[in-house]
There are 2 protein chains.
Amino acid sequence: MKQPKVTVVDVAHAAGVSKSTVSLVLQGSSLVNEATRARVGAVIRELGYVYNRGAANLRQSKSKIVGIVVNDLTNSFFAELAVGMDMVVQSAGYIQFMANTSENADRQGEVIASMREHGMAGLILSPARGTTAADLRPLVDSGIPVVLVARNVPGLKVSSVVSDGHAGAAAAVRHLIELGHRRIAFLGGFNDTAVFDERMRGFRDALLEAGLDASDELVISSAPSRAGGVAAVERMLAMRDRPTAALCFNDAVAFGACDGLRSARIEPGVDFGVIGFDDVIEAKTAVPALTTVSVDPQGMGRRAAQLLLKQINAGDFDAEAMVAAVRLVVRESCGAPQRVRELTA
Amino acid sequence: MKQPKVTVVDVAHAAGVSKSTVSLVLQGSSLVNEATRARVGAVIRELGYVYNRGAANLRQSKSKIVGIVVNDLTNSFFAELAVGMDMVVQSAGYIQFMANTSENADRQGEVIASMREHGMAGLILSPARGTTAADLRPLVDSGIPVVLVARNVPGLKVSSVVSDGHAGAAAAVRHLIELGHRRIAFLGGFNDTAVFDERMRGFRDALLEAGLDASDELVISSAPSRAGGVAAVERMLAMRDRPTAALCFNDAVAFGACDGLRSARIEPGVDFGVIGFDDVIEAKTAVPALTTVSVDPQGMGRRAAQLLLKQINAGDFDAEAMVAAVRLVVRESCGAPQRVRELTA
DNA sequence: CTGTTAGCGCTTTCAA
DNA sequence: TTGAAAGCGCTAACAG
């Protein structure tokens, strides 16, 4: 079955023109006679010629390959992110080396190295946990555009797209206040992480802004998991001055909190306000009435990809850090019609 | 920042050897003196040389690029599938062009064409709905190994890895029989599809094999959706000789069936046997007690990737259709310890 | 064991 | 408008 691979010379020969004419046709150059173009086109189809982009890349020393490296495709948030990037990259006529690192920084290093060897034009990276600036420095210094997405790598001056946890948390709290809640808790998350800090500060700031209690006892940290959510909500229910609503660190915690509330015969979203942070896909399934603060991962992906393509096309664009924050949205689905409030960062 | 890209000649020069010696070192050839190798290695690191795999591919006219094209990365089943492929492909020293087609056959055609131009060594495809044998024929005829996964394309003689619906359904039914059920229904799915037919026949064969009733009224088809599941289970509950258990066409139907049972104050998995087909991720979340028949998508992906690599390494291996069916597993989670029965295809 | 010499398939001046 | 020739970075004979 192996076709004796047909090249430009074969096409040229069969069409009775020279290599370079064929090359021009392939590039859609307007310097070539219409009749010739048609003939060449016909021959190409007839011979089943396939363009060898590798050879072209070699000659031009540039490619239309972009790397997309994601920490965990198994997580639907990051899968959506990847799909978003994929869409704009494909539509722009680029092709992607896409790889999953499973949160393994070593693996990440390997795939990025491999992509470099293949001459990628740029990289969008959702870094694996534990990625350091040093890991990425050589790549960045080589002048290949890099855009970080979803997570930042401290100390690295490259463009990035991350969500604004402070604004999102504040928006969520304001929403709960509008609904009439006066005592609101913050549940879940390890309190020694940057993300926790950011969201928790948004929570507190909004409370203070409204003149409400924002004392430390309202912040109940726990593992950022479903079990952690159960634990946190139980501690909260045991408080003497029990809150009437809570903002949860993430989807898993929100889910756990709902579990805990139900065990206590409290219907989440009805008898008690719960807002889950992040993409609350799983939790939404189980608790359709849940209000959520979420970032649209696909949109985030698209935005990151656009940013990268812009840099690639700008030639050597010595990236001044250009950090873009993504809007967070409070989605409410308690009522019949979905109300959506968009809040700028 | 643009490094004046260093090539083998630069390295050779700096190390005081010739191009080919450097090339040999790069390929880990044993024909080169240990001292030389070390010196060259040092220079490579020092100069920050990066191997140009594109040039090598051009010269050798072969590559270590495999295409992975998936119909819907947003669906966790296919995301897992992709991750499985990714793992084995990466570990084998290959790199993947991975793309999402969003069930769009045209897009699929474009990305595959693009991958061909880039000289991919082989393709693993989870085809978009509506993919025809004709779409893939040119690629297959060109001699590039192709492996189909998760879905088959009728009329195309290539290797594929799909799940065995007949065996899976039969296993599920036998499981219900073991639990003491004697009247079992099959719920959901459009009865004019091949998948439906396969699963339904497995259902019926197992029933007949056990000498139980397998009459047509026990098969209640409906849309393969959550709503369809509700509808089907309602029709079933209205039967005079009401079944005590059901096998559902897929996860969505199982989910809907549980909804319907609950509305009728019947606790699924406790008062009524329900088995969901497919990956029952969502339904499992909502009904932890649900027993499921499922194929391990990651395993399926790994298997497909192995199959492809085997073909690639076999040189031109004129693929006789070599269809591998993946085992389906009945997973039970009613009891505390998870019991897993594996059934061969 | 190392150097020389041709290309892989394509693009790109530079002439015709 | 088209053709001839040079070369992108690498590998693969074949000599030395």
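Letters go in sequence order (proteins before strands), and every chain restarts at 1.
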Which of A:I112, A:V146, A:V158 passes side-chain contact (heavy atoms from CB on, under 4.5 Å) with A:L136? It is A:I112

Result of checking A:V66, A:I68, A:L139 against A:M120 for side-chain contact (heavy atoms from CB on, under 4.5 Å):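 When side-chain contact (heavy atoms from CB on, under 4.5 Å) is applied between A:M120 and each of A:V66, A:I68, A:L139, only A:L139 qualifies.
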
Less than 4.0 Å between a side-chain N and a carboxylate O, is that true for B:R107 and B:E110?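 Salt bridge: no.
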
Using only heavy-atom distances, decide whether a donor-acceptor pair under 3.5 angstrom links the side-chain of [X] to the base of [N].
X     : N     : value
B:R59 : C:dG7 : yes
A:T36 : D:dT2 : no
A:S20 : D:dA4 : yes

Between atom [atom1] in [X] and atom [atom2] in [N], what is the gap in whole Å?
X     : N      : atom1 : atom2 : answer
A:N57 : C:dT12 : CG    : P     : 12 Å
B:Y51 : D:dC8  : OH    : C1'   : 15 Å
A:R53 : C:dG9  : CZ    : C1'   : 13 Å
A:Q60 : D:dC8  : CD    : C1'   : 10 Å
A:H13 : D:dA4  : NE2   : P     : 13 Å
B:L31 : D:dT11 : CG    : P     : 14 Å
B:Y49 : D:dG9  : OH    : P     : 10 Å
B:K5  : D:dC8  : NZ    : P     : 10 Å

Identify whether any heavy atom of [X] sits under 4.0 Å from a base atom; if not, whether one sits that close to sugar-phosphate; answer base, sugar-phosphate or nothing.
X     : result
B:T21 : sugar-phosphate
A:V17 : sugar-phosphate
A:V9  : nothing

5'-most by nearest nucleotide on DNA chain C - B:G16 or B:S61: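 It is B:G16 whose nearest nucleotide is closer to the 5' end.
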
Pairwise side-chain contact, B:Y49 with B:V22, heavy-atom cut-off 4.5 Å (strictly under):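 No, every pair of side-chain atoms sits at 4.5 Å or beyond.
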
May I ask you to evaluate whether [X] reaches the phosphate of [N], defined as a side-chain N or O under 4.0 Å from OP1 or OP2?
X     : N      : result
B:Q27 : D:dA12 : yes
A:S23 : C:dC10 : no
A:T7  : C:dG9  : no
B:S18 : C:dT2  : no

Which word best sums up how the rings of B:F97 and A:F97 line up, parallel for under 30°, tilted for 30 to 60°, or perpendicular for over 60°?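 Parallel: the ring planes of B:F97 and A:F97 meet at under 30°.
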
